[in-house]
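Remarks on the structure that follows.
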2 protein chains.
Amino acid sequence: MGTTKTDFFTDNQNELAILAKALGHPARIAIIEYLLKVNTCICGDIVNELPLSQPTVSQHLKELKNAGLIKGNIEGNAICYCINESGFEKIKVFFQHVTTHLEKRNNECC
Amino acid sequence: MGTTKTDFFTDNQNELAILAKALGHPARIAIIEYLLKVNTCICGDIVNELPLSQPTVSQHLKELKNAGLIKGNIEGNAICYCINESGFEKIKVFFQHVTTHLEKRNNECC
DNA sequence: TTTTTATATTGCAATATTACGATATAGATT
DNA sequence: AATCTATATCGTAATATTGCAATATAAAAA
């Protein structure tokens, strides 16, 4: 009990849920928006930008990376983070799917 | 401690996070996909479709409704659920924003 | 009115998430 | 080598989520 019943859902459903869940925190939305603005940055930049401690930011970065939404490359001392397009591509496909379905019918609802 | 520091983020960041969080579970992705297929349905239909108990499905429906992703209308005995387009519109705008930013630069990353 | 049907709510156990201080790691600088 | 800089990990407390049995609610059917 308490655990998500992952086995009973499709791989695609689980993948989409993981991607959406990773974006399900305002700090992680803020990190993505910041990365869109500055293109690349290091963890310390985000620590300066957000009202969160360094360990907390590091944890959020890890979750975004595990979900496949950002990439991190070692650059000497620091780690250079940037957006991982392929992760966003997957969600985009889902939302296009939703939009296409909704456009077909004329907003008929209950 | 343990609570998300909502006050330190913008309304838009919090709203997007709430929408994404609502989609951050495979059962809720499955519910949305099912609603896309059948247009409208009642809670019992989803209980038959998913490997989850009635109270659990009811709870997931509540979360999707609170986030603004589905609508529920009382129809006699039952409640008729359907997709709420305006919720999806908000996320779509966010992803368009991401896509536009990413297309501008030529995939330059770290 | 009793029963059936459809959903929501309550209460609870198991697990997951959020946040941060303290500490570890690892490359750069002096 | 000692120190500084940048980030990750560990440990832990507070809170949230997931799932379901039991129960409540409310309209429909008998």
Side-chain angles (χ1 to χ4, degrees), chain A residues 1-9 13-14 17-31 34-35 40-67 70-82 110, chain B residues 1-9 13-14 17-31 35 38 40-67 70-82 110:
Chain A
M1 222 197 291
T3 326
T4 297
K5 293 174 118 189
T6 307
D7 296 348
F8 294 104
F9 299 100
Q13 286 166 342
N14 283 314
I18 285 169
L19 288 164
K21 196 175 191 177
L23 291 172
H25 192 291
R28 295 194 289 265
I29 294 282
I31 289 172
Y34 181 68
L35 273 174
T40 68
C41 75
I42 64 174
C43 176
D45 295 336
I46 299 168
V47 173
N48 291 332
E49 196 77 6
L50 300 185
L52 297 169
S53 71
Q54 183 270 317
T56 304
V57 169
S58 185
Q59 198 176 297
H60 283 306
L61 286 170
K62 192 182 176 183
E63 281 172 64
L64 286 169
K65 201 177 151 207
N66 286 341
I70 64 171
K71 289 188 280 187
N73 281 63
I74 299 168
E75 203 150 276
N77 203 7
I79 292 173
C80 178
Y81 284 103
C82 63
C110 37
Chain B
M1 224 199 290
T3 327
T4 297
K5 294 174 116 185
T6 308
D7 296 348
F8 294 103
F9 299 99
Q13 286 166 343
N14 283 314
I18 285 168
L19 288 163
K21 196 176 189 176
L23 291 172
H25 192 289
R28 296 195 289 266
I29 294 282
I31 290 172
L35 273 173
V38 300
T40 68
C41 75
I42 64 173
C43 176
D45 295 335
I46 299 167
V47 174
N48 292 332
E49 195 78 7
L50 300 186
L52 296 169
S53 71
Q54 183 271 318
T56 304
V57 169
S58 184
Q59 196 176 299
H60 283 307
L61 286 169
K62 192 181 177 184
E63 281 173 64
L64 285 169
K65 200 175 152 212
N66 285 343
I70 64 171
K71 288 187 282 188
N73 281 65
I74 298 168
E75 204 150 278
N77 203 9
I79 291 171
C80 177
Y81 284 103
C82 64
C110 37

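Keep in mind that what you see is a predicted model, and the values were worked out from it rather than measured.
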List for me each residue that meets disulfide (SG to SG under 2.5 Å) alongside Cys43(B), sequence neighbours excluded, and say none if there are none.
none

Between dT7(D) atom C1' and Leu61(A) atom CG, what is the distance in whole Å?
10 Å

Across the strands shown, which category fits Lys65(A) at heavy-atom distances under 4.0 angstrom: base, sugar-phosphate, nothing?
nothing

Categorize Ser58(A) for me: base, sugar-phosphate, or nothing, with a 4.0 angstrom heavy-atom threshold over every strand shown.
base

Between P of dT15(D) and NE2 of His25(A), the distance in whole Å
15 Å

How many angstroms lie between CZ in Arg28(A) and CG in Leu61(A), if you round to the nearest 0.5 Å?
10.5 Å

Among all residues two or more places apart in sequence or in another chain, which pass the disulfide (SG to SG under 2.5 Å) test with Cys82(A)?
Cys109(B)

Over all strands shown, is Glu63(B) touching base, sugar-phosphate only, or nothing at heavy-atom distances under 4.0 angstrom?
sugar-phosphate

Using chain A heavy atoms and a threshold of under 4.0 Å, write down where along DNA chain C the contacts begin and end, 5' to 3'.
dA13(C) to dA28(C)

Please report the distance, rounded to the nearest Å, between CG in Asn73(A) and P in dA6(D).
18 Å

Need one value for Ile74(A): base, sugar-phosphate or nothing, where a base atom within 4.0 Å counts as base even if backbone is also close, heavy atoms only.
nothing

Go through residues 46-57 of chain A and report each residue with a non-hydrogen atom lying under 4.0 Å from DNA chain C, sorted by number.
Leu52(A), Ser53(A), Pro55(A), Thr56(A)

Scan for salt bridge (Lys or Arg N to Asp or Glu O under 4.0 Å) pairs involving residues 40-58 of chain B, sequence neighbours excluded, and state none if there are none.
none

Can you tell me how far C1' of dA29(D) sits from CG of Asn77(B), to the nearest Å?
10 Å

If we fit an axis to the first five pairs and another to the last five of the helix from dT1(C)-dA30(D) to dT30(C)-dA1(D), what angle do they make, to the nearest 10°?
10°

Around Lys65(A), counting heavy atoms of other residues, nucleotides and ligands shown, do more than 12 lie under 6.0 Å from its NZ?
no

